[in-house]
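The chain is numbered in sequence order, starting from 1. Keep in mind that what you see is a predicted model, and the values were worked out from it rather than measured. Indexing begins at 1, ligand by ligand and atom by atom, following the structure's order.
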Amino acid sequence: MVFRKKEKVQIKSPDQIELMRIAGRVVGQTLHALEQAVIPGVTTAELDQIARDCIYGAGATPSFLGYYGFPAVICTSINHEVVHGIPGTVVVQEGDLISIDCGAIVNGWHGDAAISVIAGGATDSAIHKLSEVTRESLYAGIAAARVGNTMGDIGAAVESVIRGAGTYGIVEDYVGHGIGTEMHMYPPVPNYGKAGSGMALKVGMVLAIEPMVTLGSAEVAVLEDDWTVVTTDRSWASHWEHTVAITETGPEILTLP
Ligand code: MG
Ligand code: MG
């Protein structure tokens with residue numbers, strides 16, 4: 001996405017954060033259902049249908065469907081696909097690493113989160129570790145999302161977990177974002193950075209923090225479907241995301257089940 005200069009951060013009141021909690025919970029519950037459904041033999045279109053049923057069943061609207069023409073409710077990105085994969089006839093195989101990204105809208109407020117799941121459970125320890133490192137880096141970034149810190153502190157926290165865990169690629173072409181009355185809002189939330197740099201974090205900011213980590217190069221490309229982002233060296237990638245509110249008492253994850 002393109003961020004225009006001089007854009008303002010949308011600051012949410014406690015009442016508005018309560019509304020975002022409702023949208024976030026729908027996303028969390030949908031991803032929880034999808035996690036259970038990732039078994040070898042399922043197609044990504046079937047996963048999309050589960051998400052569709054969960055979101056509409058909760059009285060919410062999917063954010064991704066029709067977003068710049070995106071044709072599905074969730075993004076399903078398998079193995080060397082990083083993000084924005086389109087669900088379809090692909091059959092999930094045992095050992096596949098599938099990242100599922102989901103967004104929902106309730107009363108005009110958005111939630112956005114992603115998980116990575118290994119179909120049939122962890123058999124390859126390097127793949128399991130890739131997903132765990134990515135998830136841990138997300139939680140380090142969330143812990144840094146507090147008043148007194150800056151945007152650079154979030155990026156530095158994410159990056160330090162990944163760098164400390166081994167030789168991984170940190171995707172830089174796609175980053176997290178502000179979220180609220182739109183899915184993608186100012187400011188960008190990079191998964192790398194210098195502690196103490198960037199804008200000061202304030203109460204009422206809501207950020208989607210979403211590290212994308214690879215087993216090889218961080219270089220990515222978009223496939224001819226104009227959506228699917230893949231690693232150019234075909235190394236496998238993991239993606240985890242939560243929508244997080246900065247409150248007076250610290251970070252609050254809004255996209256839990
Ligand atoms: Mg997302
Ligand atoms: Mg996002």
Side-chain angles (χ1 to χ4, degrees), residues 1-3 7 9-10 12 20 23-35 38 44 47-48 51-52 54-55 60-78 81-87 97-106 109-117 131 134-135 137-139 141-142 145 151 154-155 158 170-192 205-213 220 222 227-229 237-246 251 253-257:
M1 81 216 73
V2 177
F3 290 103
E7 270 190 290
V9 181
Q10 183 181 59
K12 284 78 168 174
M20 292 194 73
R25 202 175 298 128
V26 173
V27 172
Q29 285 167 348
T30 302
L31 285 172
H32 181 71
L34 289 167
E35 186 181 5
V38 174
T44 50
L47 295 174
D48 194 68
R52 191 177 292 248
C54 277
I55 292 171
T61 307
S63 335
F64 297 0
L65 187 63
Y67 185 77
Y68 290 98
F70 189 77
V73 168
I74 52 173
C75 298
T76 51
S77 307
I78 297 181
E81 298 171 353
V82 183
V83 286
H84 304 168
I86 303 171
L97 176 63
I98 174 167
S99 60
I100 304 173
D101 198 340
C102 178
I105 314 166
V106 178
W109 294 92
H110 288 250
D112 184 13
I115 57 172
S116 291
V117 189
S131 179
T134 309
R135 192 175 61 83
S137 76
L138 165 62
Y139 278 87
I142 292 169
M151 194 62 74
I154 296 178
V158 170
I170 302 175
V171 174
E172 297 189 358
D173 290 3
Y174 297 85
V175 296
H177 49 91
I179 179 168
T181 51
E182 290 173 53
M183 176 163 58
H184 291 137
M185 303 183 81
Y186 188 79
V189 184
N191 297 304
Y192 49 88
M205 288 182 178
V206 182
L207 306 174
I209 304 175
E210 48 178 319
M212 289 149 256
V213 181
V220 295
V222 180
W227 282 105
T228 311
V229 177
S238 174
H239 175 215
W240 284 84
E241 177 180 25
H242 271 307
T243 296
V244 180
I246 299 175
I253 301 172
L254 302 181
T255 37
L256 291 173

* To do: Establish, from distance only, whether the side-chain atoms of S238 and S116 form a donor-acceptor pair under 3.5 Å.
  =>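 There is such a pair between these side chains.
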* Polar side chain donor-acceptor pair, E210 to H177, under 3.5 angstrom -> yes
* Among the N, O or S atoms of D101, the one nearest the Mg ion (ligand 1) -> OD1
* Asked: Counting N and O atoms only, with roles assigned by atom type, does the side chain of D48 sit under 3.5 Å from a partner on the main chain of V73, one being a donor and the other an acceptor?
  ->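 Yes; at least one donor-acceptor contact below 3.5 Å.
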* Metal check, the Mg ion (ligand 2) vs H177 N/O/S, cut-off below 2.8 Å -> yes
* **Heteroatom test (N, O or S) for E210 near the Mg ion (ligand 1), limit 2.8 Å** => no
* Heavy-atom closest contact (V158 atom, P211 atom, distance) -> CG1-CB, 3.9 Å
* Asked: What is the OE1(E241)-the Mg ion (ligand 1)-OD1(D112) angle, to the nearest 10 degrees?
  -> 100°
